[in-house]
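Step one of this worksheet: look at the structure below.
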Amino acid sequence: MKASFDHVRIESICTVVPERRVMFEDEIDQYNFTRPQSLKLKATFDLHERRVVSDGVCASDLACDALKALLDNEPTLRDDVGAILYISQTSDYILPPTSNLIQARFGFGPEVYCVDINQGCAGFLIGLFQAAQLMQCTDVRKVLVINADALSRKVSSRDRNSNPLIGDAASVTVVARSTQASPLVFDIRMDGRDALALWIPAGGSRLPHSDRTAALQEDAAGNFRSQDHLVMKGDSVFNFVQGAVPPLIEDTLAQAGVAKEAVDYFLFHQPNRFMLHKLAASLGVPPGKVPANIVRTFGNASGVSIPMTICHNLAPTLLEQSLRCCLSGFGVGLTWAAAVLTLGPLSYCLLKEYQGEKLS
Amino acid sequence: MKNYLERMAELLEVDQVSADDVLEDFECWDSLTVLSIIAYLDEAFKVTVSAEQVCQCRTVGELHARYAGV
């Protein structure tokens, strides 16, 4: 699906990471691989340190911290917010929606529209699209796009395939109407035939959690996980990204009428450095225009990875000036989405550590 | 074929390989090596190969014949 909007802009972004750091070497003995094998993985994927939530902290707690920072910075935001989109795969409860809990926590009124969206690595693009679309036919002035995930709890600590990559984080992005023309162009694609390339088999209605689903089993590669854990078919995901994302980027740039050379930054979802470098090579863009330092610093936090890339790498620049950016998220669904837009100047752009603002 | 053998030696972390060498006998043979081979085949020969398809090949030469020989 292609879409474009003329008067929508990103106004501010806050990303929050948990304070707990885990080093790759701390977990190396948990894996059923030799030390040299795991160190080769570390070198290839550029793994170093990741951030994970402490016991009792939910992804929504990180999101509340980010929202509090934005409201403290701009008190009038409270009256301008007309919708809260909460995009996550690790909701607080099966029901009610977490967006309603956040609405209540911050005292937003009943006219504020709240909806939860189950999306993963493309979650920032999906949230941005839904926010822009929502403002087309409503009186909503500003939308909170909240991306939040704490997948570290859903991954087996003995799964070398996923565990060393995953990080937890949340971001709140304020999407607003713009008085100036600022084109925002999207191309969003999905293919459910490969939906099970990234999944958690048990815990839903199809296969409820039980003692049996919690039992660890070894796979062919030597990783231990249960049916309650996230499973990723690494080779399928690699082939999907290499095959599907470059043509999507080319088509989105063509739709926006923007030459590849005119793009300042390609801000992509952050699976690992190996895949991002391959992607940059396939696209024929210099690696310097494709930041790939998130997994080594914080871990892959699913839909939060793009706002995190923005806050970590571009905050000082974006507070002062604008940059022409191409965004792309790809993963669970399978979903692959891209957007071309002018980002900045932003009124707020910060990555901070969790201070303990809790959703009770 | 010469280029292929040189790149495979790099990926398999040895000085040189021959077509008859058995893939799973290499000391570094694991899922990461398989992924590196998938990425190399994609880049050099524009073929999409799954981990299962790589593992179904017994030797370095068989992998070339099936996916890199065209």
Side-chain angles (χ1 to χ4, degrees), chain A residues 24 28 31-47 158-165 191 194 196-197 218-225 231-247 271-284, chain B:
Chain A
F24 183 83
I28 205 164
Y31 309 128
N32 199 17
F33 294 84
T34 64
R35 216 178 164 84
Q37 276 178 317
S38 289
L39 289 174
K40 185 180 151 195
L41 180 85
K42 173 184 158 76
T44 308
F45 283 5
D46 191 31
L47 306 176
R158 295 174 69 193
D159 181 359
R160 201 194 64 160
N161 208 18
S162 299
N163 188 60
L165 308 172
D191 187 353
D194 287 325
L196 304 190
E218 185 176 359
D219 73 3
N223 293 299
F224 286 84
R225 67 176 84 82
V231 195
M232 176 172 64
K233 287 187 201 153
D235 61 320
S236 303
V237 174
F238 176 83
N239 282 328
F240 149 64
V241 172
Q242 289 306 313
V245 176
N272 58 63
R273 190 182 62 180
F274 178 77
M275 277 172 74
L276 286 164
H277 282 186
K278 295 282 175 203
L279 209 48
S282 302
L283 282 166
Chain B
M1 187 70 173
K2 186 169 168 285
N3 275 347
Y4 169 79
L5 291 177
E6 279 171 12
R7 281 301 303 276
M8 285 300 284
E10 260 172 55
L11 296 172
L12 294 165
E13 296 174 23
V14 290
D15 292 336
Q16 55 181 43
V17 294
S18 72
D20 296 334
D21 289 341
V22 175
L23 290 168
E24 64 176 24
D25 288 350
F26 286 93
E27 205 185 327
C28 73
W29 189 251
D30 69 357
S31 55
L32 178 62
T33 303
V34 173
L35 185 64
S36 305
I37 290 172
I38 291 171
Y40 162 58
L41 294 173
D42 173 69
E43 182 188 308
F45 304 98
K46 306 283 172 238
V47 286
T48 302
V49 184
S50 70
E52 199 184 341
Q53 287 171 315
V54 172
C55 295
Q56 278 165 359
C57 297
R58 208 176 78 85
T59 62
V60 170
E62 190 179 337
L63 184 74
H64 184 271
R66 283 207 206 177
Y67 302 111
V70 277

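Sequence lines set the chain letters: A, B, ... in the order given, protein chains first and strands last, and positions in each chain run from 1. In this text the structure is predicted, and so the values were computed from the model without any measurement.
The environment of CD in B/Glu52 is sparse: at most 12 heavy-atom neighbours from other residues, nucleotides or ligands sit within 6.0 Å. Other residues, nucleotides and ligands place no more than 12 heavy atoms under 6.0 Å from the CD atom of B/Glu27.
Only the backbone of B/Val49 comes within contact range of chain A, judged by heavy atoms closer than 4.5 Å. A/Ser236 does not touch chain B: none of its heavy atoms, backbone or side chain, sits under 4.5 Å away. Both the backbone and the side chain of A/Lys40 come within contact range of chain B, judged by heavy atoms closer than 4.5 Å.
Of the possible donor and acceptor atoms, none in the side chain of A/Asn223 sits under 3.5 Å from a partner among the backbone N and O of A/Asp159. With hydrogens and angles disregarded, no donor-acceptor distance shorter than 3.5 Å links the side chain of B/Asp21 to the backbone of B/Thr59.
Most heavy-atom pairs under 4.5 Å with chain A, from the set B/Ser36, B/Ala39, B/Cys28: that is B/Ala39.
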